[in-house]
K.L.:
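Take a look at the following structure, please.
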Amino acid sequence: MNKLVPISSPALVAAAGERASMRFLEFFAANIRNPHTRRAYYRAAEEFLAWCSSAGVRSIGAVQPVHVATWIEAGTRELAAPSVKQRLAAIRHLFDWLVTGQVVSVNPAASVRGPRHVVTSGQTPVLDPAEARAMLDSIDTSTVVGRRDRALIGLMVYSFGRIGAALGMTVEDVFTQNRRLWVNAPTSE
């Protein structure tokens, strides 16, 4: 789906009238800027509304929290928790948009809780000191580019800073205190 908006509204939305159909299309065209998010949210909305239609719901205004909760529960049996949480976020966001556009009076997804998902460990690998030293020693410092790269990589390795923070630093951000060198990385705002 590389197009900006879907061609038409699903049957449940169309059953609520022209205003509901237009608001549904505006949600994807005007409210979501990222094309990947737009595609994922549209897929979730389309699947949810098709499920509602098969469950006997006649209009988007007739969707109740029990419908959303049942659909989410069914999703937890087939999908990973982050995928189910993304789908619930899509439905919540869509109904928030429809509420502010006065298509529906309440958001039926607002009270529905998603599955628990806790990330216990980060995915970023950490270099041990020997690996860090080997990497820094492998950089050719005979050129200005090599010295720059070694300084940036060394700063990031030993301060756990990100490249954005390292690039935003000035000379005044490095200072000596009690015979130790300190780095005051700027905060991102």
Side-chain angles (χ1 to χ4, degrees), residues 1-5 26-48 68-69 71-97 100 107 109-189:
M1 181 177 139
N2 290 333
K3 54 190 178 264
L4 182 62
V5 294
E26 285 174 349
F27 173 70
F28 296 100
N31 195 31
I32 302 175
R33 299 294 312 143
N34 186 300
H36 301 292
T37 304
R38 184 182 301 125
R39 185 172 38 249
Y41 276 26
Y42 180 71
R43 188 179 314 118
E46 193 175 47
E47 289 176 12
F48 173 68
V68 179
W71 182 69
I72 290 299
E73 189 62 34
T76 59
R77 289 190 282 276
E78 301 169 8
L79 301 167
S83 297
V84 175
K85 289 176 84 66
Q86 180 192 44
R87 288 173 168 210
L88 180 57
I91 301 306
R92 278 187 184 143
H93 201 160
L94 172 63
F95 275 99
D96 279 342
W97 181 258
T100 58
N107 183 345
S111 61
V112 178
R113 294 190 55 186
R116 251 184 113 221
H117 177 69
V118 179
V119 178
T120 56
S121 64
Q123 296 179 358
T124 305
V126 177
L127 297 175
D128 66 29
E131 291 173 323
R133 173 56 44 205
M135 180 178 64
L136 290 172
D137 289 342
S138 70
I139 298 173
D140 179 22
T141 57
S142 64
T143 66
V144 174
V145 171
R147 289 191 295 272
R148 177 206 62 198
D149 290 349
R150 183 175 173 163
L152 281 172
I153 292 170
L155 175 66
M156 291 187 308
V157 166
Y158 291 108
S159 70
F160 298 100
R162 294 178 181 251
I163 189 67
L167 293 175
M169 290 181 64
T170 62
V171 173
E172 292 80 24
D173 291 326
V174 179
F175 60 95
T176 305
Q177 186 178 30
N178 296 333
R179 297 190 323 227
R180 292 190 69 180
L181 193 63
W182 293 85
V183 177
N184 184 23
T187 58
S188 59
E189 297 177 21

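Below, all heavy atoms of this structure are taken into account, side chains as well, without hydrogens, waters or symmetry copies.
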K.L.:
Taking only residues two or more places apart in sequence or in another chain, which ones pass side-chain contact (heavy atoms from CB on, under 4.5 Å) with Ser138?
P.N.:
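Scan of Ser138 (side-chain contact (heavy atoms from CB on, under 4.5 Å), adjacent residues dropped) gives none.
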K.L.:
First locate atom CZ of Phe28, then atom CH2 of Trp97, and finally report the distance between them rounded to the nearest 0.5 Å.
P.N.:
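Atom-to-atom, Phe28:CZ and Trp97:CH2 are 11.5 Å apart.
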K.L.:
List in chain and number order the residues that pass side chain to side chain donor-acceptor pair (under 3.5 Å) with Glu172, two or more places apart in sequence or in another chain; answer none if no residue qualifies.
P.N.:
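With neighbours one apart ignored, the set is Thr170.
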K.L.:
Excluding sequence neighbours, so at least two apart, what forms salt bridge (Lys or Arg N to Asp or Glu O under 4.0 Å) with Glu47?
P.N.:
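Partners of Glu47 under the salt bridge (Lys or Arg N to Asp or Glu O under 4.0 Å) test: Arg87.
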K.L.:
Partners of Asn31 by side chain to side chain donor-acceptor pair (under 3.5 Å), sequence neighbours excluded?
P.N.:
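Expected list: His93.
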K.L.:
Looking only at heavy atoms, what is the nearest atom pair of Ile139 and Gly146, with distance?
P.N.:
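For Ile139 and Gly146, the tightest heavy-atom pair comes out as CG2-O, 3.3 Å.
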K.L.:
Only pairs at least two apart or in different chains count here, so list each side-chain hydrogen bond (donor to acceptor under 3.5 Å, both in side chains) that has a residue in residues 154-163.
P.N.:
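side-chain hydrogen bond (donor to acceptor under 3.5 Å, both in side chains) check on residues 154-163 returns no pairs.
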K.L.:
For Glu46, give me all partners under side chain to side chain donor-acceptor pair (under 3.5 Å), at least two apart in sequence or on another chain.
P.N.:
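Result, side chain to side chain donor-acceptor pair (under 3.5 Å) vs Glu46: Tyr42.
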K.L.:
With salt bridge (charged side-chain N to carboxylate O under 4.0 Å, His left out) as the rule and sequence neighbours excluded, what pairs involving residues 109-128 come up?
P.N.:
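Listed by first then second residue: nothing to list.
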K.L.:
According to side-chain contact (heavy atoms from CB on, under 4.5 Å), who are the partners of Thr37, at least two apart in sequence or on a separate chain?
P.N.:
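Counting only residues at least two positions away or on another chain, Thr37 forms a side-chain contact (heavy atoms from CB on, under 4.5 Å) with Ile32, Asn34, Tyr41.
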K.L.:
When rounded to the nearest 0.5 angstrom, what distance separates CG in Asn107 from CZ in Arg92?
P.N.:
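One gets 8.0 Å once the value is rounded to the nearest 0.5 Å.
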K.L.:
Please report the shortest heavy-atom distance between Val157 and Ala132, naming the atom on each side.
P.N.:
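In terms of heavy atoms, the two residues are closest at CG1-CB, 3.7 Å.
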K.L.:
Gln177 and Phe175: which non-hydrogen atoms are nearest, and at how many Å?
P.N.:
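Between these two residues, the closest heavy atoms are OE1-CE1, 3.9 Å.
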K.L.:
Out of curiosity, Leu136 CG to Asp149 CG, how far, rounded to the nearest 0.5 Å?
P.N.:
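Separation between the atoms: 11.0 Å.
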K.L.:
State which residues pass side-chain contact (heavy atoms from CB on, under 4.5 Å) with Thr141; sequence neighbours excluded, sorted by chain then number.
P.N.:
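By the side-chain contact (heavy atoms from CB on, under 4.5 Å) rule, Thr141 matches Arg147, Arg150.
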K.L.:
Going by heavy atoms in the side chains, are Val68 and Phe48 under 4.5 Å from each other?
P.N.:
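Side-chain contact under 4.5 Å: yes.
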K.L.:
Measuring only between side-chain heavy atoms, which start at C-beta, is Leu167 closer than 4.5 Å to Leu152?
P.N.:
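Yes, close enough: below the 4.5 Å cut-off.
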K.L.:
Using the test side chain to side chain donor-acceptor pair (under 3.5 Å), find all partners of Thr100 that sit at least two apart in sequence or belong to another chain.
P.N.:
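Once residues adjacent in sequence are excluded, the partners of Thr100 under the side chain to side chain donor-acceptor pair (under 3.5 Å) criterion are Arg23.
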K.L.:
Going by the rule salt bridge (Lys or Arg N to Asp or Glu O under 4.0 Å), which residues pair with Arg133 if we only count those two or more places apart in sequence or in a different chain?
P.N.:
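Salt bridge (Lys or Arg N to Asp or Glu O under 4.0 Å) list for Arg133, sorted by chain: Asp137.
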K.L.:
Please report the closest heavy-atom contact between Leu94 and Ala45, naming both atoms and the distance.
P.N.:
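Heavy atoms only, the tightest pair is CD2-CB, 3.9 Å.
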K.L.:
Would Ile91 and Trp71 count as a side chain to side chain contact (heavy atoms under 4.5 Å, CB included) if you check the C-alpha gap in whole Å, the side-chain angles of each, and the deciding distance to 0.1 Å?
P.N.:
CA-CA 11 Å; Ile91 301 306; Trp71 182 69; 3.7 Å; yes
K.L.:
Quick one: closest heavy-atom pair of Pro115 and Val84, and the distance?
P.N.:
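That would be CD-CG1, 3.7 Å.
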K.L.:
side-chain contact (heavy atoms from CB on, under 4.5 Å) with Pro82: which residues, sequence neighbours excluded?
P.N.:
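By the side-chain contact (heavy atoms from CB on, under 4.5 Å) rule, Pro82 matches Ala80, His117.
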